[in-house]
Amino acid sequence: MKKNSYDVIIVGGGLAGLTAAVHLSLENHSVLVLEKQQYPHHKVCGEYVSSEVAPYLEKLGVNLIKNGAVFIDTFQLSTVKGSLQEVELPQGGYGISRYAFDEILYKRALACGVDFVFKNVTSILFQNNDFKILTDEIESYTSGIVIGAYGKRSMLDKQLKREFIQQKSSWLGVKCHYKIDDFPDNLVALHNFDGGYGGLSKTETGEVNFCYLASYDNFKSFKNIADFNKDVVGKNPYMLDFFDRATPVFEKPLSIAQISFQEKKPVEEHVVMCGDTAGLIHPLCGNGMAMAIHSAKIASDLIVKFFNNKGFSRKQLEKEYTKSWNTVFKKRLWMGRQFQKLMLNTKVFNWLLISLGKSPWLLKFIIKQTHGKPIVC
């Protein structure tokens with residue numbers, strides 16, 4: 001039977017929320033995760049995670065290779081004009097679906113004693129140095145700390161009066177899995193098209209995940225995703241070849257609108273934000289999944305310090321988390337924004353990629369700027 005009061009309540013059970021739940025429970029804190037959907041379920045996501053988080057996941061008791069993930073060490077980048085460059089990834093990473101990854105972390109969290117309630121959170125209130133969380137079934141839960149890990153965009157952002165939610169975003173995300181015989185296990189590819197770009201990589205099932213971002217202005221004149229894929233995404237010759245030879249696995253693609261890459265604050269109304277809730281990077285070689293996991297570690301370490309050290313105040317926790325988050329991620333986010341601007345200027349990007357072919361070290365350098373070093377545990 002679930003209780004109503006916890007040391008930590010985590011709103012959202014994606015990678016960041018589940019990782020923090022495991023970490024904090026291993027430190028003997030009572031943890032509740034409030035998540036809208038039962039596991040497992042698919043999510044719009046690139047499904048490639050940089051190996052920088054592998055040492056930390058091992059410490060938490062999660063080994064991706066043993067759970068079927070494929071190791072990826074090669075990166076391809078193409079333009080709509082057909083220019084293509086390929087380099088070895090500086091660190092490499094893993095291909096694994098969110099359907100599997102979230103389920104693995106969920107089961108690990110259950111084994112560690114984490115409680116779960118599958119309901120929608122409607123409000124987060126901070127009163128008298130404690131939090132009160134309400135769900136859509138008018139149930140309430142209390143805790144000393146709340147982690148916000150509810151994803152890219154939520155009605156909670158409006159309730160918390162976050163600045164970015166007041167502005168519309170023109171980005172649409174689309175994802176589908178495909179069966180294709182000869183896609184390399186060790187490859188992650190990023191293909192450019194007019195008004196967007198998308199990534200291809202293998203998952204633990206052998207299926208290939210294709211997840212892309214598209215400008216809504218480019219998409220809105222099409223009746224459906226299939227037409228957009230054919231007439232816009234397929235203008236890239238590598239994507240045209242992929243669509244010709246691949247078979248969709250999903251009955252229909254998953255999609256999410258109003259994806260915002262605007263700056264967000266890592267702490268809002270005393271809620272510690274993790275993962276996409278704290279900031280979303282433009283998808284370049286799997287940084288988003290790694291950032292979610294790494295942000296959960298930063299938050300969890302400081303929350304443990306808050307509970308174990310009476311001299312470490314909530315104000316200090318929030319200040320240190322904000323500082324650490326910016327130190328680790330702000331440069332990556334900036335680099336992602338600059339690289340995206342280049343990719344969306346198709347003529348300049350085609351010229352740039354041809355130039356990078358003469359200096360492959362420069363492409364490796366760009367990749368390094370959007371990745372972190374392996375987490376030391």
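Position 1 is the first residue of the sequence, and the numbers go up from there.
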Exercise for the section: Measure from the side-chain N and O atoms of Asp241 to the backbone N and O of Pro237, and report whether any donor-acceptor pair falls under 3.5 Å. Expected result: no

Practice task
Establish, from distance only, whether the side-chain atoms of Tyr197 and Asn236 form a donor-acceptor pair under 3.5 Å.
Solution key: no

Practice task
Evaluate whether atom CD of Glu263 has more than 12 neighbouring non-hydrogen atoms of other residues, nucleotides or ligands under 6.0 angstrom away.
Solution key: no

Practice task
May I ask you to list the residues sharing a hydrophobic cluster with Tyr99, side-chain cutoff 4.5 Å, ordered by chain and number?
Solution key: none

Exercise for the section: Would you please classify the geometry between the Tyr39 ring and the Phe116 ring as parallel, tilted or perpendicular, with 30° and 60° separating the classes? Expected result: perpendicular

Problem - Over all atoms of both residues, closest heavy-atom pair of Glu269 and Phe126 - result: O-CB, 4.2 Å

Exercise for the section: Run the ring-centre check on Phe242 versus Tyr178 and record whether the distance is less than 6.0 Å. Expected result: yes

Handout entry: Point-to-point distance, once rounded to the nearest 0.5 Å, from CG of Leu26 to CZ of Arg108
Key = 5.5 Å

Problem - Neighbour count above 12 (heavy atom, 6.0 Å) for Glu58 CD - result: yes

Exercise for the section: Kindly say whether Gly173 contributes a backbone atom to a donor-acceptor pair with the side chain of Ser255 at under 3.5 angstrom? Expected result: no

Practice task
Check the angle between the aromatic planes of His42 and Phe250 and answer parallel, tilted or perpendicular using the 30° and 60° thresholds.
Solution key: tilted

Exercise for the section: Apply the test side-chain hydrogen bond (donor to acceptor under 3.5 Å, both in side chains) to residues Glu204 and Ser97: give CA-CA distance (whole Å), side-chain angles for both, the deciding distance (0.1 Å), then the verdict. Expected result: CA-CA 7 Å; Glu204 77 290 342; Ser97 71; 2.9 Å; yes

Problem - Ile165 backbone acceptor or donor facing Lys158 side chain under 3.5 Å - result: no

Problem - Tyr48 side chain vs Gly93 backbone, donor-acceptor pair below 3.5 Å - result: yes

Exercise for the section: Using distance alone, with no hydrogens and no angle criterion, decide if Asn186 and Thr74 have a side-chain donor and acceptor under 3.5 Å apart. Expected result: yes

Handout entry: Thr19 side chain to Ile293 backbone, donor-acceptor under 3.5 Å
Key = no

Handout entry: Partners meeting salt bridge (charged side-chain N to carboxylate O under 4.0 Å, His left out) with Lys152 (sequence neighbours left out)
Key = Asp276

